[in-house]
Novice: 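There's a structure below that I have some questions on.
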Amino acid sequence: MDSKSEGEDRPWQSYHTAYTNAKAGMEGVDKEKVQKVVYEMSKGSKYFENEQRKEAYIKQKIENLGQQRAKLTDKDIAHFQKIAEKKIVELEASRDLTKTWLHTDMDAFYAAVEILDNPSLKGKPLAVGGMSMICTASYEARKFGVRAAMPGFIARKLCPDLIFVPTNFDKYTHFSELTRKVFGRYDPNFIATSLDEAYLNVTEVWSERGLSGEEVAAELRGAIYDETGLTCSVGVAPNRMLAKVCSDINKPNGQFILPNDRGAVMTFISSLPIRKIGGIGKVTEYLLRDVLGITTCDDMLKNSALVCALFSDLSSDFFLSVGLGIGGTHTPENRMRKSISTERTFTATSDTILLFQKLADIAETLSSDMQKENLWGRNLTLKLKTSSFEVRTRAVSLQKYISSKEEILTHATNLLKAELPLSLRLMGLRMSQFRDEDKHCSVDPTQKTLSEFILSGSSHSKEYDSRDISSENSDFLLEDKNLSELDGTREKEHRCLISEPESSSKREELGDSSSGKDTNGTCGGNANCEIQWVDGYICSKCGIELPSGFEEERREHADYHLAQFLQQEEKTHVARDKVYHKLEHSSPKSKRQKASLHGGKFIPIDAFFTKGKKNL
DNA sequence: GGGTTTCGTTGAC
DNA sequence: TTCCAGTCAACGAAACCC
């Protein structure tokens with residue numbers, strides 16, 4: 001078949017941005033018609049153009065991986081065959097068939113809750129969400145090709161009678177809690193992965209009560225229905241990976257049980273499309289299919305040598321375990337939240353004032369969310385989506401943990417400033433690297449002890465970020481014994497040296513140009529900055545104790561205060577031109593910025609998979 | 001050269 | 001009329017730092 005001419009006749013066929021893989025309830029959908037509508041409504045838009053760029057990028061990845069594959073010699077393949085066989089033996093030895101896992105998935109959860117709340121919606125095509133995006137579609141709506149993650153205006157085109165209901169997460173949370181009460185009776189340590197999905201280790205119930213997998217699943221589904229009025233689908237299998245696949249088989253309101261038997265697992269997995277496995281999405285599916293011809297889990301094993309040759313250790317381990325039907329069987333330890341974020345989409349704008357206003361709103365939301373959970377973080381990431389849908393993230397690691405709106409906004413503003421001018425349609429902020437609650441420490445985790453501080457000779461380096469002294473939470477440097485003795489007065493003096501926030505690059509430049517100190521350890525003779533050694537060894541500015549023998553260290557310390565002083569000066573624009581003449585060469589923009597698909601340069605595929613080649 | 005940080009990507013719901 | 005989300009985690013590579 002001439003795919004080129006086909007592509008020209010039916011361009012929508014090559015536009016498989018979304019909605020191409022069947023979801024439950026979409027079996028009878030006219031896929032081509034849906035694809036055509038989506039294509040027609042998207043074509044020419046900036047979103048569409050960006051999707052085209054992404055598609056091209058994936059194609060490039062496929063091509064590059066194909067070239068890597070072509071370079072493999074017979075010797076290489078024999079080598080990786082041995083590696084693969086070893087891995088398979090190890091994985092097989094780790095296979096655990098003694099556990100029984102159950103995965104539950106509520107049927108069209110948000111839509112079902114809305115129908116329960118308003119029974120007149122029953123039997124009608126319903127979408128939960130808005131014109132820009134819908135979260136869930138009822139089974140009646142799915143018959144038209146409407147589904148989650150589809151923009152509302154396209155959904156309406158597919159189904160003109162579609163009823164839209166706005167999301168109401170309080171309602172969904174309430175019903176989710178009801179389901180979790182039921183789950184808790186079967187496994188007190190159940191793992192909830194979202195409001196409507198959970199994994200339960202039912203090994204105990206199964207054996208203690210002498211119930212079969214079928215019986216446990218049926219009983220649980222009955223209990224959920226009795227206590228919520230909602231239906232769910234259940235999968236039972238020897239591990240979580242398989243249980244999840246199983247819960248999708250007889251959706252909605254059904255169940256599927258896979259026995260704890262190796263033969264049954266291998267039969268089940270052999271013809272299973274890899275896309276059914278959690279963790280394998282569109283890109284991985286195409287990559288494996290187009291480069292290695294892998295479409296089923298069994299194909300993973302058949303191509304194990306190539307899988308090991310072309311992918312990283314972690315990836316190949318995962319792919320081979322997929323081929324063997326091996327998944328997680330132990331309940332993971334209590335997993336702590338690792339990040340918290342908030343983002344907002346708005347009408348694209350390049351109005352700086354408006355953008356900073358929105359950033360302030362987002363910072364406020366993030367701060368409020370963090371405070372609700374008593375979180376303090378030191379890694380702030382700004383996410384931007386330009387009007388052409390290009391996504392950028394810019395991050396900064398701070399020297400202390402923060403959580404207030406003001407502090408978040410200060411750092412977020414610096415990050416945004418470095419990117420402007422820009423027309424944006426989305427901004428978001430994410431905080432990570434949380435303070436360890438157990439330790440209850442708010443000191444700078446990257447901070448050096450006093451001796452390290454002195455020995456490093458970098459008193460003006462980024463480790464000593466003067467910005468961060470400015471908050472109320474000024475436990476700054478208290479880790480050091482000497483400084484922990486600082487009383488309130490000295491801390492106050494510390495704060496007196498605070499200048500307006502500056503970019504780190506500016507501070508670094510400052511350090512470089514702070515050599516105008518004199519040998520007495522005073523700051524260039526300027527009375528405002530001059531330090532005295534009280535009692536012969538205590539810094540009059542901050543209280544640091546440095547005995548008289550430490551002349552070099554004293555000079556370094558004076559240097560630090562000079563840097564602080566100059567920052568203060570900079571605030572009043574006195575010394576700016578003299579001191580910061582090199583600033584323009586050190587803006588955050590000059591930092592590394594990877595070539596992305598949006599820059600017209602593709603990241604070579606070998607950049608993604610070099611680790612996989614390390615055994616060559 | 002190894003550890004850390006930053007950034008982009010992928011995937012799930 | 002409305003015109004493609006929000007949140008979280010993980011991985012991997014390159015840059016950065018020492």
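All chains are named by letter (A, B, ...) in the order of the sequence lines, taking the proteins before the strands, and each is independently numbered beginning at 1.
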Novice: With a 3.5 Å cut-off and heavy atoms only, can you find an N or O donor on one side and an acceptor on the other between the side chain of A:Ser315 and the base of C:dC11?
Specialist: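 Side chain to base: no pair present.
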Novice: Among B:dC7, C:dT7, B:dG11, which nucleotide has an atom closest to any side-chain atom of A:Ala395?
Specialist: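 Shortest atom-to-atom distance from the side chain points to B:dC7.
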Novice: Any idea which of B:dG11, C:dA5, B:dT9 is nearest the A:Thr284 side chain?
Specialist: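 Closest of the options to the side chain of A:Thr284: B:dG11.
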Novice: Examine B:dT6: is either OP1 or OP2 under 4.0 Å from a nitrogen or oxygen in the side chain of A:Thr381? Give yes or no.
Specialist: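 The answer is no; no side-chain N or O of A:Thr381 sits under 4.0 Å from OP1 or OP2.
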Novice: Verify the contact: side-chain N or O of A:Arg337 to OP1 or OP2 of C:dC8, cut-off strictly under 4.0 Å; return yes or no.
Specialist: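 For C:dC8, OP1 or OP2 has a side-chain N or O of A:Arg337 closer than 4.0 Å.
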Novice: Between atom CZ in A:Arg147 and atom P in C:dA5, what is the gap in whole Å?
Specialist: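 Atom CZ in A:Arg147 sits about 15 Å away from atom P in C:dA5.
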Novice: Without decimals, in angstroms, what is the distance between A:Ile277 CD1 and B:dA12 P?
Specialist: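 Nearest whole value for this atom pair: 10 Å.
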Novice: Has A:Ser397 got a side-chain N or O lying under 4.0 Å from the OP1 or OP2 atom of B:dT4?
Specialist: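 For B:dT4, OP1/OP2 do not have a side-chain N/O of A:Ser397 under 4.0 Å.
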Novice: Whole angstroms only, please: what is the CG-C1' distance between A:Leu429 and C:dT7?
Specialist: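 About 14 Å, once rounded to whole Å.
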Novice: Name the closest nucleotide to the A:Ser194 side chain, picking from B:dT10, B:dC13, C:dC4.
Specialist: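 So the nucleotide nearest the side chain must be B:dC13.
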Novice: For the P atoms, the ones on C:dC4 and on B:dC13, what distance do you get once it is rounded to whole angstrom?
Specialist: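 Looking at atom P only, C:dC4 and B:dC13 are 24 Å apart.
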Novice: Take a 6.0 Å sphere around NZ of A:Lys171 and say whether it holds more than 12 heavy atoms from other residues, nucleotides or ligands.
Specialist: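 Yes, enclosed.
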Novice: A:Ile340 has a side chain; which of C:dC8, B:dT5, C:dG6 sits nearest to it?
Specialist: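 Looking only at heavy atoms from C-beta outward on A:Ile340, the closest nucleotide is C:dC8.
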Novice: Take A:Leu288 and A:Phe319 through the side chain to side chain contact (heavy atoms under 4.5 Å, CB included) test and state the conclusion after the steps.
Specialist: CA-CA 10 Å; A:Leu288 288 169; A:Phe319 292 148; 4.0 Å; yes
Novice: Should A:Ser339 be listed as having a side-chain N or O under 4.0 Å from OP1 or OP2 of C:dC8?
Specialist: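 Checking A:Ser339 against C:dC8: no side-chain N or O falls below 4.0 Å of OP1 or OP2.
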Novice: Below 4.5 Å, heavy atoms only, C-beta onward: do A:Leu422 and A:Arg392 meet side chain to side chain?
Specialist: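 Answer yes - side chains close enough.
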Novice: If you assign A:Lys383 and A:Thr347 each to the DNA chain C nucleotide with the nearest heavy atom, which residue ends up on the more 5' nucleotide?
Specialist: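 That would be A:Thr347.
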Novice: Can you tell me how far P of B:dC13 sits from NZ of A:Lys244, to the nearest Å?
Specialist: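 Whole-Å distance recorded here is 4 Å.
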Novice: Where the side chain of A:Lys61 is concerned, which of B:dG8, B:dC13, B:dT10 is the nearest nucleotide?
Specialist: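 So the nucleotide nearest the side chain must be B:dT10.
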Novice: In whole Å, I'd like the distance from the CD1 atom of A:Ile134 to the C1' atom of B:dC13.
Specialist: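 To the nearest whole Å, that distance equals 14 Å.
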Novice: Can you tell me whether the side chain of A:Arg156 and the base of C:dT2 have a donor-acceptor pair closer than 3.5 Å?
Specialist: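 Donor-acceptor pair under 3.5 Å: yes.
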Novice: Verify the contact: side-chain N or O of A:Arg425 to OP1 or OP2 of C:dA5, cut-off strictly under 4.0 Å; return yes or no.
Specialist: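 Yes.
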Novice: Considering only side-chain heavy atoms of A:Asp196, which listed nucleotide, B:dC13, C:dT7, B:dG11, is closest?
Specialist: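 So the nucleotide nearest the side chain must be B:dC13.
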Novice: If you check the A:Lys385 side chain, which of B:dC7, C:dA5, C:dC4 turns out closest?
Specialist: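 Selected nucleotide (nearest to the side chain): C:dA5.
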Novice: Give a yes or no on whether the ring-centroid distance for A:Phe190 and A:Tyr199 is below 6.0 angstrom.
Specialist: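 No: the rings miss the under 6.0 Å criterion.
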Novice: Nearest nucleotide by nearest heavy atom, which residue falls closer to the 5' end of DNA chain C, A:Met131 or A:Arg344?
Specialist: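 So the residue in question is A:Met131.
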Novice: Will you find, in the side chains of A:Tyr172 and A:Glu177, an N or O donor that is under 3.5 Å from an N or O acceptor?
Specialist: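 No.
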Novice: Looking at the side chain of A:Ile154, which of C:dG12, C:dC4, B:dC13 is the nearest nucleotide?
Specialist: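 Of C:dG12, C:dC4, B:dC13, C:dC4 is nearest to the side chain of A:Ile154.
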Novice: When you measure from the side-chain N and O atoms of A:Ser45 to the phosphate of C:dC3, is any distance below 4.0 Å, counting only OP1 and OP2?
Specialist: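 False: A:Ser45 side-chain N/O out of range (4.0 Å or more) of C:dC3 OP1/OP2.
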Novice: Taking only N and O in the side chain of A:Asn379, is any of them less than 4.0 Å away from OP1 or OP2 of B:dT6?
Specialist: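 Yes, such a contact exists.
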Novice: Please confirm whether the backbone N or O of A:Val291 pairs with a side-chain atom of A:Arg69, one donor and one acceptor, at under 3.5 Å?
Specialist: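 Yes; judged by distance alone, with no hydrogens or angles, the pair exists.
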Novice: Does B:dT10 have OP1 or OP2 sitting under 4.0 Å from an N or O in the side chain of A:Lys282?
Specialist: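 Indeed not, no polar side-chain atom of A:Lys282 lies that close.
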Novice: Within this structure, what is the CZ-to-P distance between A:Arg394 and B:dT9, rounded to whole angstrom?
Specialist: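 In whole Å, B:dT9 P and A:Arg394 CZ are 11 Å from each other.
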Novice: OP1 or OP2 of C:dG12 sitting under 4.0 Å from any side-chain N/O of A:Ser312?
Specialist: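 Checking C:dG12 against A:Ser312, a side-chain N or O does come within under 4.0 Å of OP1 or OP2.
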Novice: Looking at A:Phe346, does the NZ or CZ of A:Lys358 lie under 6.0 angstrom from its six-membered ring centre and within 45 degrees of the ring axis?
Specialist: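 Cation-pi check for A:Lys358 and A:Phe346: passes.
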Novice: Among the nucleotides B:dC7, B:dG11, B:dT9, which one has an atom lying closest to any side-chain atom of A:Tyr57?
Specialist: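 Among the listed nucleotides, the one closest to the side chain of A:Tyr57 is B:dT9.
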Novice: Could you check how far CD of A:Glu343 sits from P of C:dA5, rounded to whole Å?
Specialist: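 Value for this atom pair: 9 Å.
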Novice: Where the side chain of A:Met133 is concerned, which of B:dT10, B:dC7, C:dA5 is the nearest nucleotide?
Specialist: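 Shortest atom-to-atom distance from the side chain points to C:dA5.
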Novice: Whole angstroms only, please: what is the CD-C1' distance between A:Glu285 and B:dG11?
Specialist: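 A:Glu285 atom CD is separated from B:dG11 atom C1' by 13 Å.
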